[in-house]
Protein chains: 2
Amino acid sequence: MSQSTSVPTARRALVDPKSCSISGALDALGDSWSILVLRELFYGVRRFNDIQNDLGISRSVLTDRLARLVEIGVARTEPYQEPGDRVRNQYRLTRKGVRMLPVMVALMEWGDEYLCGGEGPVTLEHRETGETVRVELRTVSGAPVEPSQIVTKARNGRSR
Amino acid sequence: MSQSTSVPTARRALVDPKSCSISGALDALGDSWSILVLRELFYGVRRFNDIQNDLGISRSVLTDRLARLVEIGVARTEPYQEPGDRVRNQYRLTRKGVRMLPVMVALMEWGDEYLCGGEGPVTLEHRETGETVRVELRTVSGAPVEPSQIVTKARNGRSR
DNA sequence: CAGTATCCCAAGCGATACTG
DNA sequence: CAGTATCGCTTGGGATACTG
């Protein structure tokens with residue numbers, strides 16, 4: 001990746017590895033169910049029992065997870081009413097939840113490639129053009145980037 | 001996302017939600033430490049004690065996690081030797097591990113945006129141009145895609 | 001249907017000590 | 001430095017039963 005020397009040199013942490021970002025995101029949503037619940041919501045599954053049946057998650061844990069997702073702000077409840085029935089709750093992604101989509105797609109691509117031999121059970125397509133949708137590393141100006149071209153920089157100045 | 005009706009209809013799972021892809025990737029690397037270890041390796045940290053100190057992970061768990069990462073094939077060991085010292089092991093990402101980079105970057109961006117108020121402690125830059133590197137949803141032909149434009153399709157034919 | 005309430009087990013993890 | 005070995009706790013989560 002960033003360097004190709006064979007012997008690693010003495011080092012200090014680039015940045016406090018417990019702070020923010022990856023570790024923080026994992027603290028919030030890195031348990032064994034949250035991302036799968038988010039995936040269900042993205043697929044359009046919104047009802048408690050449907051999610052439970054799809055995932056095979058226990059009811060108590062799903063209750064807990066949904067509450068937490070709402071608390072964190074990645075999902076929200078929304079009342080709905082079937083004709084002749086009482087009002088119930090459904091769940092939807094918020095903008096903050098939708099922003100987790102690149103994470104889900106990236107996981108899916110990795111799984112497709114290395115667990116399903118290149119072709120997964122689900123594809124993502126552009127609604128109008130029908131083209132396959134993928135996740136890519138690009139510069140802000142839109143140029144494709146290879147992992148080997150990436151340099152990590154801490155805001156304090158150091159880099160790798 | 002995919003639909004905007006207020007009352008969800010009866011449903012069947014789009015695809016077996018336990019199979020492959022997201023769930024499979026999470027089974028392999030979704031525990032509380034693996035991705036953080038991968039991040040360290042990407043940052044260029046390769047030695048046992050360095051990783052341990054950075055992450056604050058316990059030694060026994062790190063031993064276990066590194067072994068598993070090697071077993072899965074996302075990391076590999078590589079002997080190295082400091083002058084006047086005996087041969088030791090270091091760890092590096094394999095191609096399969098590097099392919100997890102979009103997941104890490106996506107998590108980092110989400111964390112930066114929602115946990116650090118928009119600006120995280122680390123930035124990724126293109127080595128030559130210095131431009132910031134991001135992860136994006138695009139079609140195979142390179143057109144940017146909004147989440148709302150994505151349709152999910154199962155290979156069996158159904159879609160959402 | 002959409003939860004809540006209990007109960008209990010097992011995995012996951014940290015702390016600590018030891019070794020080549 | 002790079003691990004391995006033990007131990008014991010904590011908590012995540014499944015099973016089951018109950019409720020408005």
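Source: prediction; values computed, not measured. Each chain gets a letter, A, B and so on, in the order the sequences are listed, and its residues count up from 1.
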Q. Near DNA chain C, under 4.0 Å by heavy atom, which residues of residues 63-76 of chain A?
A. A:Thr63

Q) Rounded to whole angstrom units, what separation is found between the OH atom of B:Tyr80 and the C1' atom of D:dG3? A) 12 Å

Q.
The criterion is side-chain hydrogen bond (donor to acceptor under 3.5 Å, both in side chains); which residues satisfy it with B:Gln149, sequence neighbours excluded?
A. none

Q | Of all pairs that satisfy ring pair (Phe, Tyr, Trp, His ring centres under 6.0 Å), the ones with a partner from residues 81-112 of chain B, not counting sequence neighbours | A | B:Trp110-B:Tyr114

Q) disulfide bond (SG atoms under 2.5 Å apart): which pairs involve residues 29-87 of chain A, sequence neighbours left out? A) none

Q: Measure the distance from CH2 on A:Trp33 to C1' on C:dA11 and round it to the nearest whole Å.
A: 15 Å

Q: With sequence neighbours excluded, tell me which residues meet salt bridge (charged side-chain N to carboxylate O under 4.0 Å, His left out) with A:Glu128.
A: none

Q) What integer distance in Å separates A:Gln52:CD from D:dA15:P? A) 10 Å

Q | Separation of atom CD1 in A:Ile51 from atom P in C:dG3, rounded to whole Å | A | 9 Å

Q: Among D:dA5, C:dA2, C:dC13, find the nucleotide with the atom closest to the side chain of B:Ser60.
A: D:dA5

Q | B:Ser58 side chain, from C-beta outward: closest of C:dC13, C:dC1, C:dT4 | A | C:dC13

Q: Starting at atom CG of A:Asp27, determine the distance to atom C1' of C:dC13, rounded to an integer number of angstrom.
A: 15 Å

(Q) Classify B:Asn49 by what it touches in the nucleic acid, base, sugar-phosphate, or nothing, heavy-atom distance under 4.0 Å. (A) base

Q: Kindly point out which of D:dG3, D:dG14, C:dC13 is positioned nearest to the side chain of B:Val61?
A: C:dC13

Q. Could you give all pairs that pass the salt bridge (charged side-chain N to carboxylate O under 4.0 Å, His left out) test and reach residues 133-150 of chain A, with sequence neighbours left out?
A. A:Arg134-A:Glu136, A:Glu136-A:Arg138

Q: Compare side-chain N and O positions of A:Tyr91 against OP1 and OP2 of C:dC1 and report whether any pair is under 4.0 Å apart.
A: no

Q: May I have all residue pairs that pass ring pair (Phe, Tyr, Trp, His ring centres under 6.0 Å) and include part of residues 52-76 of chain A, sequence neighbours excluded?
A: none

Q: Using salt bridge (charged side-chain N to carboxylate O under 4.0 Å, His left out) as the criterion, list what pairs up with A:Glu113, not counting sequence neighbours.
A: B:Arg99

Q: Send over the distance from A:Leu62 CG to D:dA15 P, rounded to a whole Å.
A: 14 Å

Q | Nearest-Å distance for atom pair CZ/C1', residues B:Arg47 and D:dC1 | A | 8 Å

**Q.** Nearest heavy atoms of A:Gly120 and A:Asp112, plus distance in Å
**A.** CA-OD1, 3.1 Å

Q: Give the angle between the helix axes at the two ends of the helix from C:dC1-D:dG20 to C:dG20-D:dC1, taking five base pairs at each end and rounding to 10°.
A: 50°

Q.
Under 4.0 Å between a side-chain nitrogen and a carboxylate oxygen: does that hold for A:Glu40 and A:Arg46?
A. no

Q: Please identify each residue that fulfils salt bridge (charged side-chain N to carboxylate O under 4.0 Å, His left out) with B:Arg95, with sequence neighbours left out.
A: none

Just the atom pairs and distances: protein N or O near nucleotides 18-20 of chain C's N or O, under 3.5 Å.
residue: C:dG20; atom: N2; partner: B:Arg86; partner atom: NH2; Å: 2.6

Q. Which heavy-atom pair separates A:Ala75 from A:Thr94 by the least distance, and what is that distance?
A. C-CG2, 3.7 Å

Q.
Nearest whole Å is fine: how far is C:dG3 C1' from A:Ile57 CD1?
A. 13 Å

Pairs of donor and acceptor atoms involving the side chains of residues 57-72 of chain B, under 3.5 Å and at least two apart or interchain, shall be tabulated with distances.
residue: B:Ser58; atom: OG; partner: B:Val61; partner atom: N; Å: 3.4
residue: B:Arg59; atom: NH1; partner: B:Asn49; partner atom: OD1; Å: 3.3
residue: B:Arg59; atom: NH1; partner: B:Gln52; partner atom: OE1; Å: 2.8
residue: B:Arg59; atom: NH2; partner: B:Asn49; partner atom: OD1; Å: 3.3
residue: B:Thr63; atom: OG1; partner: B:Arg59; partner atom: O; Å: 2.9
residue: B:Arg65; atom: NH1; partner: B:Asp31; partner atom: OD2; Å: 2.8

